[in-house]
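Every chain is numbered from 1 and lettered A, B, ... according to where its sequence line falls, protein lines coming before strand lines.
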2 protein chains.
Amino acid sequence: MDRDQTDKDDEASAHERPTLKTLAFMTGLGVTTVSRALKDAPEIGAETRRRVQLVARQIGYRPNRAGVRLRTGKTNVISLVLNTEREIMSFVSDIIYGVSEVIADTPYHLIVTPYSRSQDPLDPIRYLVETGSADGVIISRTQPNDPRARYMLERGIPFATHGRTDMGLIHPYHDFDNYAFAAEAVRHLAGIGRRRLALLTPPVGLTYHGHTVNGFADALSEVGASEVPFNTVSIDHSIEQIRMRTAQLMRRDDRPDGFVSSAAAATLAVVAGIEDAGLKLGRDVDVVSKQSSDLLHLFRRELLVVNENFRLAGSELARSVLGLIGGAAPGSLQSLSLPGEVVAYQG
Amino acid sequence: MDRDQTDKDDEASAHERPTLKTLAFMTGLGVTTVSRALKDAPEIGAETRRRVQLVARQIGYRPNRAGVRLRTGKTNVISLVLNTEREIMSFVSDIIYGVSEVIADTPYHLIVTPYSRSQDPLDPIRYLVETGSADGVIISRTQPNDPRARYMLERGIPFATHGRTDMGLIHPYHDFDNYAFAAEAVRHLAGIGRRRLALLTPPVGLTYHGHTVNGFADALSEVGASEVPFNTVSIDHSIEQIRMRTAQLMRRDDRPDGFVSSAAAATLAVVAGIEDAGLKLGRDVDVVSKQSSDLLHLFRRELLVVNENFRLAGSELARSVLGLIGGAAPGSLQSLSLPGEVVAYQG
DNA sequence: TCAATACACTGAAACGTTACAGATTGTCAC
DNA sequence: GTGACAATCTGTAACGTTTCAGTGTATTGA
């Protein structure tokens, strides 16, 4: 009959949020038992377990995140680390939704951790790790020798990268096969008679820059076409810069008759540059571009596109991180997404 | 000399994360004193305060979020609630960055709380409130009579809305003046001789639908132009649907000679529809469109654009929520962003 | 000299959870 | 009847923080 002691907060007052104590009081059990019953521990009787879970469901019990986090260190948080200046727009939106889809029926929350141009990309990672703010991290703009991946690997922080590294270390990743993309693009252009091709590359330094460049180069020699160097800009540059450089290039005698572009927004600039030079898409030059949403064909129907699904990337990355947290082998959490066909406009 | 008791974890072991206890041990003070010294409580001596803060800075002390949250209920989290299907892409990206900018040097984290088409928009809000997962909430797709705003207002949860409500209740918001946008668009079109105008509206049911429609209507009578109804689609519809409906409209005898469009992506579809009907932009019809990044002029230089800055919206919304949490009056946290001029392409 | 008072600091308790080390049964073999 | 053992359940402590109710000292006023 020691009830009078603890009743103070459980019995009275309209509707506080229920805790284990509330459940313990309602079921007549101890908090420990309740805690265990809720997580299906083996030393709890079958009927007790059911009873506790029933009551918990009825009154809408939700474990207090701060309590769990303080006691166990588990945050139930996945952090998506993004560059606030250079990230592709549709990428941000789609990857967030992709991640959300996967964590929707888990206890995980998604926090967005931004960093800006001026900062060391390692800064936000250090912050997350030092403050223990997340159980898992997703990073993009991955480099062949990526200090962030190395850092987290050293400290055993679960993470997944969008894009591969090349450090001889195994970690989860999701990547789009940009080698295949660039190669397919070149083959397609060669197939329609283009022989002098230029490549608007991904940002120099990122892993997929190398992949793209290699796919482009290998396919060039395969089909016997030649490259017109276009190294003054990458898709990271401003629309204006890309446009200006493209126009410059297209006014030369040795101008390309085909382009491969690694991003949709950059392609808009390339086309503008082409037209600035008085040339016509589809007649004087063809352009194959990646895109993540179906907009380029509205822009110019002569464009040739290859689709990259960022929402899928988000889902895969989230699945990987959760898998890793769950104890799966990092090597089993790597995925590569193959590009579809180069597709022309179909009215 | 009771040191030996507590030394166990503080003195030994390489580098655990420092806590108040660590600081207390290092300074020779009690945890209470340290806690207070760090938050500039008045009952702490000036020198002690400085000493504690110095040591804290030196060893990189960071308050444990779970500890604070458990004890005080303060989460230091702002939640951005987004619809995973209908939200405009650039909106998601820009608003996140806008919010990030503002909370960058505060202890706040940004969590993204998604909800999908099938769900009641109130669901995620209920979840946040019931689980006490955030100190402040930002919502978009605001309705004149918004159940989410009402719900949070009733419970005293700090929030800000992107877009206004119309319930006679005061709460923080940031809005773009869509009345002014639509009116300006109409005036501009009238100024270049367009007399029969169609409006591609925001989603029906959202507050800014009404604003836009009213601005459009009022300016029409002001300039003596007439409306060609175009109510079968809104910017929420698919690209294909908008395109098809636009083409349909433009093949009629009483087709409009001017369009006002409330979103850039939808404008691409409108233009495609116009061209499907064999008409030419700038000659047969002019289109004024909102955009949030400078892409439409690359698309068709004949387009007339008005810029809406979502990053600014994000910043303003974050500022409002933080202000409200800080105790400012809700009425002082409302802002309206005026549209700039209608701008034509300048090569 | 004494009380009152301001000042600077402190220990214990509490937030909700889980891990640890029992405690209380009942069953069974012998 | 006893000891061993499994099956269930329980209280206490701890995670890191802030709040409450003090505890000592100086300082002041009379």
(request) Kindly write out the residues that satisfy ring-ring contact (aromatic ring centres under 6.0 Å, His included) with B/H162, not counting sequence neighbours, or none if the list is empty. (result)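 Expected list: B/F91.
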(message) With rounding to the nearest 0.5 angstrom, report the CD1 to OG distance, B/I170 to B/S332.
(response)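 Answer for the CD1-OG pair, B/I170 versus B/S332, is 10.5 Å.
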(request) Hey, could you give me the CG/CZ distance between A/N64 and B/R69, rounded to the nearest 0.5 Å? (result)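 Spacing of CG (A/N64) from CZ (B/R69) equals 7.0 Å.
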(message) Please compare A/T48 and A/V31 by the position of their nearest nucleotide in DNA chain D and report the one closer to 5'.
(response)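 It is A/T48, whose closest nucleotide lies nearer the 5' terminus.
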When you get a sec, tell me which of [options] is the closest nucleotide to the side chain of [X]?
X: A/R71; options: D/dT17, C/dT10, D/dA14; value: D/dA14
X: B/L70; options: C/dA19, C/dC9, D/dG16; value: D/dG16
X: B/L20; options: D/dT17, D/dT10, D/dA14; value: D/dT17

(message) For B/Y61, does the six-membered ring have the charged nitrogen or CZ of B/R57 within the cation-pi criterion, i.e. under 6.0 angstrom from the centroid and within 45° of the normal?
(response)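 No, cation not above the ring by the 6.0 Å, 45° rule.
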(request) Please test A/T84 against B/E101 for side-chain contact (heavy atoms from CB on, under 4.5 Å), starting from the C-alpha separation and ending with a verdict. (result) CA-CA 9 Å; A/T84 48; B/E101 246 169 51; over 6 Å; no
Donor + acceptor pair across side chains of [X], [Y] (<3.5 Å):
X: A/D175; Y: A/Q334; result: no
X: B/D146; Y: B/T165; result: no
X: A/T113; Y: A/S79; result: yes

Nucleotide [N], atom [atom2] - distance to [atom1] of [X] in whole Å:
X: B/R17; N: D/dG16; atom1: CZ; atom2: P; value: 9 Å
X: B/K74; N: C/dC15; atom1: NZ; atom2: C1'; value: 17 Å
X: A/R69; N: D/dA14; atom1: CZ; atom2: C1'; value: 18 Å
X: A/F25; N: D/dT10; atom1: CZ; atom2: P; value: 14 Å

(message) So B/T72, base contact, sugar-phosphate only, or nothing? Heavy-atom distance under 4.0 Å.
(response)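 Sugar-phosphate only.
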(message) At 4.0 Å (heavy atoms only), tell me whether A/G28 reaches a base, stays on the sugar-phosphate, or touches nothing.
(response)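 Sugar-phosphate contact only - A/G28 comes under 4.0 Å of backbone atoms but never of a base.
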Per-pair distances, 0.1 Å, donor-acceptor, side chain in residues 315-326 of chain B, under 3.5 Å, sequence neighbours excluded:
residue : atom : partner : partner atom : Å
B/S315  : OG   : B/G98   : O            : 3.1
B/S315  : OG   : B/R311  : O            : 3.3
B/S320  : OG   : B/E316  : O            : 3.0
B/S320  : OG   : B/L333  : O            : 3.1

(message) Can you give me the bend angle of the helix from C/dT1-D/dA30 to C/dC30-D/dG1? Use the axis through the first five pairs and the one through the last five, nearest 10 degrees.
(response)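 One end axis against the other gives 60°.
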(request) Taking only heavy atoms on the protein side, list every residue of residues 35-47 of chain B lying under 4.0 Å from any atom of DNA chain D, sorted numerically. (result)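 Only B/S35, B/R36, B/K39 qualify.
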(request) Scan for ring-ring contact (aromatic ring centres under 6.0 Å, His included) pairs involving residues 92-121 of chain A, sequence neighbours excluded, and state none if there are none. (result)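 Residue pairs with at least one partner in residues 92-121 of chain A: A/H109-B/Y127.
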(request) Take B/S140 and B/E87 through the side-chain hydrogen bond (donor to acceptor under 3.5 Å, both in side chains) test and state the conclusion after the steps. (result) CA-CA 9 Å; B/S140 66; B/E87 224 72 67; 2.9 Å; yes
(message) I'd like to know if A/T32 reaches the base of C/dA19 with its side chain such that a donor and an acceptor end up less than 3.5 angstrom apart.
(response)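 Indeed, a donor on one side and an acceptor on the other fall under 3.5 Å apart.
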(message) Within residues 54-68 of chain B, which residues have any heavy atom lying less than 4.0 Å from an atom of DNA chain C?
(response)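 Nothing qualifies; none.
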